[in-house]
Amino acid sequence: MTTAPARTADRYPTRGAVEEMIPRQDPVVWSSPDAEGPISTGDLEGFERDGFLAVDRLIEPEEVGTYKAELDRLVSDPAIRADERSIVEPQSQEIRSVFEVHRISEVFAKLVRDPRVVGRARQILGSDVYVHQSRINVKPGFGASGFYWHSDFETWHAEDGLPAMRTVSVSIALTENYETNGGLMIMPGSHKTFLGCAGATPKDNYKKSLQMQDAGTPSDEALTRLAGEHGIRLFTGKPGSAVWFDCNCMHGSGDNITPYPRSNVFIVFNSVENKAVEPFAAPIRRPEFIGARDFTPVR
């Protein structure tokens, strides 16, 4: 376990009296254009421009079955359900997410270490990386609730103490993502603007926000402006497809009222040169299973 470094100057103020938009002050792609890695130069340029990269077949179909079976095993295990790292749907009381899944499951730990996965993270962030957060998301049919519009970095900066926008996420589909079953939506190019939200962070905000976001939620006016400037992209794909996206992308997902489940594994890589400090806009840190304080590089 590594001690968090001292807090740096806050270049992205949020959770204050008023909402404000601040131009991004960090690179999007941190490596040089000729850096080795699995992402092509053209795809890196697209990531720089749009803030995301869709990969049609990150893992093979036979591998999907292994990961889907492990997801099903975890969500049906009473011990996992009783663990504080499991989040349940408020209405159905079914498991919605299981956090720190790379520590709970060796199957998912191997996925984190897979060169197809961690190699892309290193290439985007230009350094060794550690896992800031991992989880499996389960969105069963007939009423699973969505995630409202938000920037992950706004939360990770305010409540976990990540200083800079040097963090990237990957969502790997374990079931088919249709246009209708609550898929991921991103505003392309929104990662170039930081939206500092209004309103203070309550103590232990994470207990509520993991079920329904409140603090750190953009206003309707700001979302309308961003959508007008950037549009909205909805991601679909077969099991095994993936979306990489920058930590500051404005994104969200709708409810799933179809019969078709939507499950994915979600991994957040942070640069070892961007270690978490004390929260910038919260009274206490979130638990380490949500915002890691172990900065050991993925090997």
Item to check | Reported OG1-to-CG distance for the pair Thr236 and Leu184, which is rounded to 0.5 angstrom | outcome: 11.0 Å

Next on the checklist: Any carboxylate oxygen within less than 4.0 angstrom of a Lys/Arg side-chain nitrogen, looking at Asp114 and Lys110?
Outcome noted: no

Checklist entry - Phe147 ring centre to Arg96 NZ or CZ under 6.0 Å, with the angle to the axis within 45°? => result yes

Item to check | Backbone N/O of Gly141 and side chain of Arg262: donor-acceptor pair under 3.5 Å | outcome: no

Item to check | Asp10/His157 under side chain to side chain donor-acceptor pair (under 3.5 Å): CA gap, chis, key distance, verdict | outcome: CA-CA 9 Å; Asp10 187 359; His157 182 71; 2.7 Å; yes

Item to check | Side-chain donor-acceptor contact under 3.5 Å, Asn264 with Ser171 | outcome: yes

Checklist entry - If we ignore angles and hydrogens, is there a donor and acceptor under 3.5 Å between the side chains of Ser241 and Asp56? => result no

Next on the checklist: Treating Tyr12 as the side-chain partner and Gln25 as the backbone partner, does any N or O pair qualify as donor plus acceptor under 3.5 Å?
Outcome noted: yes

Next on the checklist: Quick one: does any side-chain atom of Gln133 pair with a main-chain N or O of Ile290 as donor and acceptor, under 3.5 Å?
Outcome noted: yes

Next on the checklist: For Glu36, is the CD atom crowded, meaning more than 12 foreign heavy atoms sit under 6.0 Å from it?
Outcome noted: no

Item to check | Working for side-chain contact (heavy atoms from CB on, under 4.5 Å), residues Arg166 and Asp26 | outcome: CA-CA 8 Å; Arg166 199 171 180 179; Asp26 293 304; over 6 Å; no

Checklist entry - Are Arg103 and Asp294 within salt-bridge range, i.e. N to O under 4.0 Å? => result yes

Checklist entry - Are any non-hydrogen side-chain atoms of Ile172 and Leu111 less than 4.5 angstrom apart? => result yes

Checklist entry - Is the closest basic N to carboxylate O distance between Glu106 and Arg113 below 4.0 Å? => result yes

Item to check | Worked verdict on Val298 versus Phe269 for side-chain contact (heavy atoms from CB on, under 4.5 Å) | outcome: CA-CA 9 Å; Val298 176; Phe269 293 100; 4.2 Å; yes

Next on the checklist: Looking only at side-chain N and O atoms, does Ser127 offer a donor or acceptor that is under 3.5 Å from a partner on Glu273?
Outcome noted: no

Checklist entry - Does the Ser190 side chain pair with the main chain of Met250, one donor and one acceptor, at a distance under 3.5 Å? => result yes

Checklist entry - Val107, Ile95: one ILVMFWY side-chain cluster at the under-4.5 Å cut-off? => result yes

Next on the checklist: Please check: side-chain N/O of Asp246 versus main-chain N/O of Asn248, any donor-acceptor pairing under 3.5 Å?
Outcome noted: yes

Next on the checklist: If we ignore hydrogens and angles and just use 3.5 Å, is the side chain of Asn177 paired with the main-chain N or O of Gly183 as donor and acceptor?
Outcome noted: no

Checklist entry - Out of Phe289, Trp156, Phe295, which one pairs with His132 under the ring pair (Phe, Tyr, Trp, His ring centres under 6.0 Å) rule? => result Trp156

Item to check | Arg24 side chain vs Met165 backbone, donor-acceptor pair below 3.5 Å | outcome: yes

Checklist entry - Can you check whether Phe47 reaches Ile39 side chain to side chain, under 4.5 Å on heavy atoms? => result no

Checklist entry - Roughly how far, to the nearest 0.5 Å, is OG of Ser40 from CD of Glu45? => result 8.5 Å

Item to check | Salt bridge flag under 4.0 Å for residues Glu94 and Lys139 | outcome: no

Checklist entry - If you draw a 6.0 Å radius around OH in Tyr260, do more than 12 non-hydrogen atoms from other residues or ligands fall strictly inside? => result no

Checklist entry - Going through the distances and angles, do Ser97 and Asn137 end up as a side chain to side chain donor-acceptor pair (under 3.5 Å)? => result CA-CA 5 Å; Ser97 301; Asn137 292 324; 2.9 Å; yes

Checklist entry - Salt bridge check: are Arg225 and Glu229 linked by an N-O gap of less than 4.0 Å? => result yes

Next on the checklist: Check whether Ser263 reaches the backbone of Leu174 with its side chain - one donor and one acceptor, N or O, closer than 3.5 Å.
Outcome noted: no

Next on the checklist: Please determine whether side-chain contact (heavy atoms from CB on, under 4.5 Å) holds for the pair Val265 and Tyr67, giving the CA-CA distance in whole Å, both sets of side-chain angles, and the decisive distance to 0.1 Å.
Outcome noted: CA-CA 9 Å; Val265 54; Tyr67 295 120; 6.0 Å; no

Next on the checklist: Which residue in the set Val98, Leu74, Val75, Ile104 passes side-chain contact (heavy atoms from CB on, under 4.5 Å) when paired with Ser86?
Outcome noted: Val98

Checklist entry - Can Ile232 be reached from Met21 by stepping across I, L, V, M, F, W or Y side chains whose heavy atoms are under 4.5 Å apart? => result yes

Checklist entry - Taking atom CD1 of Ile257 as the centre, does the number of heavy atoms from other residues, nucleotides or ligands within less than 6.0 Å exceed 12? => result no

Next on the checklist: Measuring from atom CD of Glu154 to atom CZ of Phe194, what distance do you get when rounded to the nearest 0.5 angstrom?
Outcome noted: 5.5 Å

Next on the checklist: Measuring only between side-chain heavy atoms, which start at C-beta, is Leu223 closer than 4.5 Å to Tyr148?
Outcome noted: yes

Checklist entry - Between Arg85 and Phe99, is NZ or CZ placed under 6.0 angstrom from the six-membered ring centre and within 45° of the ring axis? => result no

Checklist entry - Do Arg116 and Pro38 have side chains that get closer than 4.5 Å, going by heavy atoms? => result no

Item to check | Test side-chain contact (heavy atoms from CB on, under 4.5 Å) applied to Val28 and Lys192, step by step | outcome: CA-CA 8 Å; Val28 178; Lys192 299 266 179 96; 4.0 Å; yes

